Amino acid sequence: MNENERDRQTVTDPAEPTADAARPPEERPRGEGPDGDDPHARRAAALRSAERVLARHSTDATLQERLAALSTQAASVHDLAEPVDVYGNGVVEALEDRVADVLGTEAAAFFPTGTMAQQVALRCWAGRSGNHTVALHPLSHPEVHEGGALGAVSGLRTVHPTRERRLPTAAEVAEFPEPFGTLMLELPLRDAGFVLPDWAELTEVVAAARERDAVVHLDGARLWECAAHFGRALPEIASLADSVYVSFYKSLEGIGGAALAGPADLVDEARVWRHRYGGQLFQQFPTALAALHGLETVLPLLPSYVAKAREVAEAIGEGFAAAGAPWFRIHPRPVHTHQFQVWLPYEAQVLDAAVTELAEETGTALFRRWMPGDAPGVSVAEVTVAGPGLAWTPTEVAEAAETFARRVAAAG
């Protein structure tokens, strides 16, 4: 894993493990975390103990809390009296059937990771099309977060129809100067700011790929929350593509796992490759049960999260403006899903320090983690609005943003 990948991964999993978070903040000298002077551990402890957040991350919970929650939730989504799964039967099959039903596809196969699911899908399409070149965005997950796995493991080659911080246009796909067998579209494009095209643009891009006899695959790790932006149901979105991968933990609050959905013959072939890639696990019932619970209880709430995120983004801007912030950016604006980026002209460690201090002093954490941006002295945070965020009023968000901006200005 290179430095860029490591930095981005900490955004995905921002609450780093800590050995001892029991010591209350008021008993620690300024700058001292539960592991001594480690600012990351101190911030992680502060985020876990914060009473007001916009979303809870799974890593905020202890093992005991996570197991207790799963034990309570599982009985509401599956018959726990049936035998445990063995190599993908039982509850895992039930999950696969549920995913296919939700997405309107012929079949779906459960995978332990999205990296494996997506790599298998692209490898299968390469074999069927006879073209091992995949067109995708340079900020897409396989290019940024997978250590070059498509080429190193599966012998696939990637090309980029655009380098803009958005999905490619139909013209860019149509006019790309070399052939490719598969067009992969990440919906939303996370590292560009969780951005989406509009529905007309998406259908035009798919049509342009079809004109080139290319397969269309959706990296839909966060597809679940895209329906509100497109104004379309999930089956209609999924039907645009030849296959789609979805994640169970990024938006649905599961333990992990993913699914590849599409035509039955493709899914059957993918199961063979899943075994070859080491993904035919003996038992997976905790992950499958958590995924089923997410589909039943979290998925219906995502439209409300998206609507609230739009409200939160505007309120953050109002708070920064009230604090006289020298420059800031909310991206995209209006936001497309329940996640978006916030940019400020300060070093990440200054911003992270403000996150920690305010969480300790006020019990409120508007942000979680700041990372160096694309220019010196500029940093970016990813904001997620989920269940806890629904309780915030716009005024409360604006006040928290103003307080944060003033704290940063005083320290910067």
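Keep in mind that this is a model prediction, so the values were computed, not measured.
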K.L.:
Can you tell me if D352 uses its side chain to pair, donor with acceptor, with the backbone of W370 under 3.5 Å?
P.N.:
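Side chain of D352 to backbone of W370: a pair is present.
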
K.L.:
Look only at the side chain of S71 and the backbone of L67, and say whether a donor-acceptor pair between them is shorter than 3.5 Å.
P.N.:
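No; zero donor-acceptor contacts below 3.5 Å.
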
K.L.:
Would you check if there is a donor-acceptor pair between the side chains of S76 and E296 at a distance under 3.5 Å?
P.N.:
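Side-chain D/A pair, E296 to S76: absent.
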
K.L.:
With a 3.5 Å distance limit and no angle check, can you tell me whether R165 reaches the backbone of D191 through a side-chain donor-acceptor pair?
P.N.:
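Answer holds: yes.
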
K.L.:
Search all heavy atoms of R123 against all heavy atoms of V153 and return the closest pair with its distance.
P.N.:
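Taking every non-hydrogen atom into account, NH1-O, 3.6 Å.
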
K.L.:
Is there a donor-acceptor contact under 3.5 Å from the side chain of H132 to the main chain of G181?
P.N.:
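Between the backbone of G181 and the side chain of H132 there is no qualifying donor-acceptor contact (under 3.5 Å).
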
K.L.:
Measure the CD-CG distance between Q339 and L54 for me, rounded to the nearest 0.5 Å.
P.N.:
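It comes to 11.5 Å.
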
K.L.:
Check whether D60 reaches the backbone of H57 with its side chain - one donor and one acceptor, N or O, closer than 3.5 Å.
P.N.:
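Yes; judged by distance alone, with no hydrogens or angles, the pair exists.
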
K.L.:
Looking only at heavy atoms, which two atoms of P197 and L202 are closest? And how far apart?
P.N.:
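Smallest heavy-atom distance, with atoms named: CG-CB, 4.0 Å.
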
K.L.:
Donor-acceptor pair, D242 side chain versus H217 backbone, under 3.5 Å?
P.N.:
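Absent.
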
K.L.:
State whether R56 and E253 are salt-bridged, where the test is any N-O pair (Lys NZ or Arg NE/NH1/NH2 against Asp/Glu carboxylate O) under 4.0 Å.
P.N.:
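Salt bridge between R56 and E253, a charged N being under 4.0 Å from a carboxylate O: no.
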
K.L.:
Sort out for me which residue in V91, V99, T297 forms a side chain to side chain contact (heavy atoms under 4.5 Å, CB included) with L292.
P.N.:
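It is V91; the other options fail the test.
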
K.L.:
Parallel, tilted or perpendicular: which describes the rings of F110 and F248, with under 30° parallel and over 60° perpendicular?
P.N.:
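Answer is parallel, since the angle falls under 30°.
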
K.L.:
Tell me whether W224 contacts the main-chain N or O of S247 through its side chain, where contact means a donor paired with an acceptor under 3.5 Å.
P.N.:
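Looks like yes, one N/O pair under 3.5 Å.
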
K.L.:
Can you name the nearest heavy-atom pair linking I237 to F230, along with the distance?
P.N.:
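For I237 versus F230, the nearest heavy atoms are CD1-CD1, 3.7 Å.
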
K.L.:
Are E65 and R48 close enough for a salt bridge, meaning some N to O gap below 4.0 Å?
P.N.:
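Judged by the 4.0 Å cut-off on N to carboxylate O distance, E65 and R48 do not form a salt bridge.
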
K.L.:
Specify whether F320 and F328 have parallel, tilted or perpendicular ring planes, treating 30° as the upper limit for parallel and 60° as the lower limit for perpendicular.
P.N.:
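The arrangement is perpendicular - the two ring planes meet at more than 60°.
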
K.L.:
Please confirm whether the backbone N or O of T364 pairs with a side-chain atom of T362, one donor and one acceptor, at under 3.5 Å?
P.N.:
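It does hold such a pair.
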
K.L.:
Got more than 12 heavy atoms from elsewhere within 6.0 Å of CZ, R232?
P.N.:
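Correct, the count exceeds 12.
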
K.L.:
Atom CD of residue position E236 - does it have more than 12 heavy atoms of other residues, nucleotides or ligands inside 6.0 Å?
P.N.:
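Enclosed: over 12 neighbouring heavy atoms sit under 6.0 Å from CD of E236.
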
K.L.:
Between E201 and R166, does any NZ, NE, NH1 or NH2 come within less than 4.0 Å of an OD or OE carboxylate oxygen?
P.N.:
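No, R166 and E201 are not salt-bridged.
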
K.L.:
Are E146 and H141 linked by a side-chain donor-acceptor pair shorter than 3.5 Å?
P.N.:
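Yes, a side-chain donor-acceptor pair sits under 3.5 Å.
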
K.L.:
Would a distance-only check, ignoring hydrogens and angles, find a side-chain to backbone donor-acceptor pair under 3.5 Å from R212 to V173?
P.N.:
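A pair under 3.5 Å: yes.
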
K.L.:
Rounded to the nearest 0.5 Å, how far does OG1 of T384 lie from CZ of F194?
P.N.:
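Atom-to-atom, F194:CZ and T384:OG1 are 5.5 Å apart.
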
K.L.:
Using a distance-only test with no angle check, is there a side-chain donor-acceptor pair under 3.5 angstrom linking Q118 and D219?
P.N.:
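On atom types as modelled, these side chains qualify, holding a pair under 3.5 Å.
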
K.L.:
More than 12 heavy atoms of other residues, nucleotides or ligands under 6.0 Å from CD of E51: yes or no?
P.N.:
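For E51, atom CD is not crowded (no more than 12 foreign heavy atoms under 6.0 Å).
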
K.L.:
Answer yes or no: is there a donor N or O on one side and an acceptor on the other, between the side chain of E96 and the main chain of A107, under 3.5 Å?
P.N.:
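Checked: no pair found.
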
